[in-house]
Amino acid sequence: MKVRKAVIPVAGLGTRFLPATKAIPKEMLTIVDRPTIQYIVEEVVASGIEQIIFVTSEGKSAIENHFDYNFHLDAVLREKKKVVLGEELNMISNLIDIVSVRQKKPLGLGHAIWTAKHVVGDEPFMVLLGDDLVLSSTPCAKQMLNLFEEVGESIIAVQRVPEDQTHQYGIVEGEESGRERTHRVTRMIEKPAPGTSDSDLAIIGRYILMPEIFDLLGKTTPGHGGEIQLTDALLALSKKRSMFAYEFEGTRFDAGDKLGYLKAIVAFALRHPALADDFREYLEKTVTEK
Ligand code: G1P
């Protein structure tokens, strides 16, 4: 059972980033020198996945264009002898096979994933949410795929969050699994009201799912916020077969939140081969001057 496909929902409106996202998709906001979504796609590629399925909506064509071959730009760069830049752009369009499906109505994350049902087919697949960036030595997706090779069941990426933030996440309750960093899921709740769960294990946007999830998503009624929630269908799946929550190694950034986005820019800039040294020096100087 190899995981070959990754679904990346990109249909959201990006209201948290208005007015920046009025005319451009939030996934195209830049972190240092590439759009947020490119980091996710690169993580998928580095993890050995073969195909990406974007779940899009109106106004998201910039994402498809970004990963497509741009004949005009390529010709201009060749003429100007900007070979390296031209090659980098071609590299982006050659990264991986990408297809898109359209979510016709904004009915929630669960509905967005369900939209990809026919393209995924009857095989386990990965889901990655574009807001969650993870900096780690082994890509987060790869860590999960390694675990999947051992357990062969659905896996949800989690991290511990402070108690006063649990209501912002899907929360997983679990028990010992006998494996390091891994819990056997017993219950899950989307954005629990304070005091309704003791767990601090928050779902981060990386999942490996068994294909049965599609039928369950088809039966899921609107939940938190009146939306069809992936978490609710996951809870149903966890009652039918084993499911694991995995505390990945690495630092996660919520790039869909303004402060998280700024932190991501700083962290990724400090890792950028051409910028890291100068940027670190600048930061150190600025901090010392204060
Ligand atoms: C979604 C999921 C939630 C998860 C979160 C992680 O929520 O529904 O379970 O904890 O992503 O980023 P959203 O942030 O889209 O409201």
Side-chain angles (χ1 to χ4, degrees), residues 6-18 21 25-27 29 36-37 39-40 43 54-57 60 103 105-116 126-135 140-141 144 154-174 183 185 187-194 196-197 199-209 213 216-217 220-238 243-248 250-261 263-264:
V7 176
I8 307 183
V10 294
L13 280 176
T15 46
R16 284 197 283 172
F17 259 103
L18 283 169
T21 49
K26 65 170 176 171
E27 296 79 6
L29 294 178
T36 318
I37 188 72
Y39 291 95
I40 306 278
E43 178 183 335
F54 282 136
V55 181
T56 69
S57 61
K60 296 284 181 160
Q103 185 187 20
K105 285 184 188 166
L107 298 180
L109 176 62
H111 177 257
I113 304 303
W114 177 82
T115 308
M126 202 150 187
V127 171
L128 295 97
L129 304 187
D131 285 347
D132 288 315
L133 295 182
V134 181
L135 257 183
C140 181
M144 295 173 73
S154 300
I155 301 169
I156 301 161
V158 292
Q159 77 171 11
R160 293 188 188 276
V161 296
E163 202 185 322
D164 62 352
Q165 287 175 23
T166 52
H167 68 282
Q168 297 168 11
Y169 295 89
I171 294 295
V172 171
E173 293 175 7
H183 311 258
V185 174
R187 186 170 165 241
M188 353 184 35
I189 321 152
E190 182 65 15
K191 317 235 164 75
T196 52
S197 173
S199 174
D200 62 352
L201 290 173
I203 301 176
I204 300 307
R206 302 282 184 279
Y207 311 76
I208 294 177
L209 303 177
I213 194 72
L216 296 168
L217 282 169
T220 302
T221 50
H224 183 86
E227 297 189 340
I228 296 174
Q229 295 292 349
L230 178 58
T231 308
D232 294 343
L234 288 173
L235 174 63
L237 183 60
S238 73
M243 182 179 286
F244 296 91
Y246 173 65
E247 290 185 61
F248 57 92
T251 310
R252 171 256 183 177
F253 298 90
D254 180 3
D257 165 77
K258 285 176 196 165
L259 185 59
Y261 177 69
K263 289 178 184 172

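Remember, it's 1-based here, ligands and their atoms both numbered in the order they're listed.
The presence of a protein heavy atom under 4.0 Å from atom 9 (O) of ligand 1 is confirmed.
Residue-to-ligand polar distances place E190 within reach of ligand 1: an N/O pair is separated by less than 3.5 Å. In terms of polar-atom proximity, defined here as any N/O pair under 3.5 Å, G170 does make such a contact with ligand 1.
The main-chain N or O of G108 is found under 3.5 Å from a side-chain atom of Q103 such that the two form a donor-acceptor pair. E43 contributes a side-chain N or O that, together with a main-chain N or O of A141, makes up a donor-acceptor pair within less than 3.5 Å.
Side-chain contact check for V172 versus I203: some heavy-atom pair is nearer than 4.5 Å. Considering only heavy atoms from C-beta on, R16 comes within 4.5 Å of D131 through its side chain. Using a 4.5 Å heavy-atom cutoff, the side chains of L237 and S154 are in contact.
Within a 6.0 Å sphere centred on CD of Q168, other residues, nucleotides and ligands contribute more than 12 heavy atoms.
Heavy-atom contacts of T231 reach the following atoms of ligand 1: 9 (O) (cutoff under 4.0 Å).
Nearest protein neighbour of atom 12 (O) of ligand 1, counting heavy atoms only, is D132 OD2, 2.8 Å.
Across the listed options K191, Q159, M188, E227, K191 owns the non-hydrogen atom lying nearest to atom 14 (O) of ligand 1. When the heavy atoms of D131, L129, I203, I189 are ranked by distance to atom 4 (C) of ligand 1, first place goes to I203.
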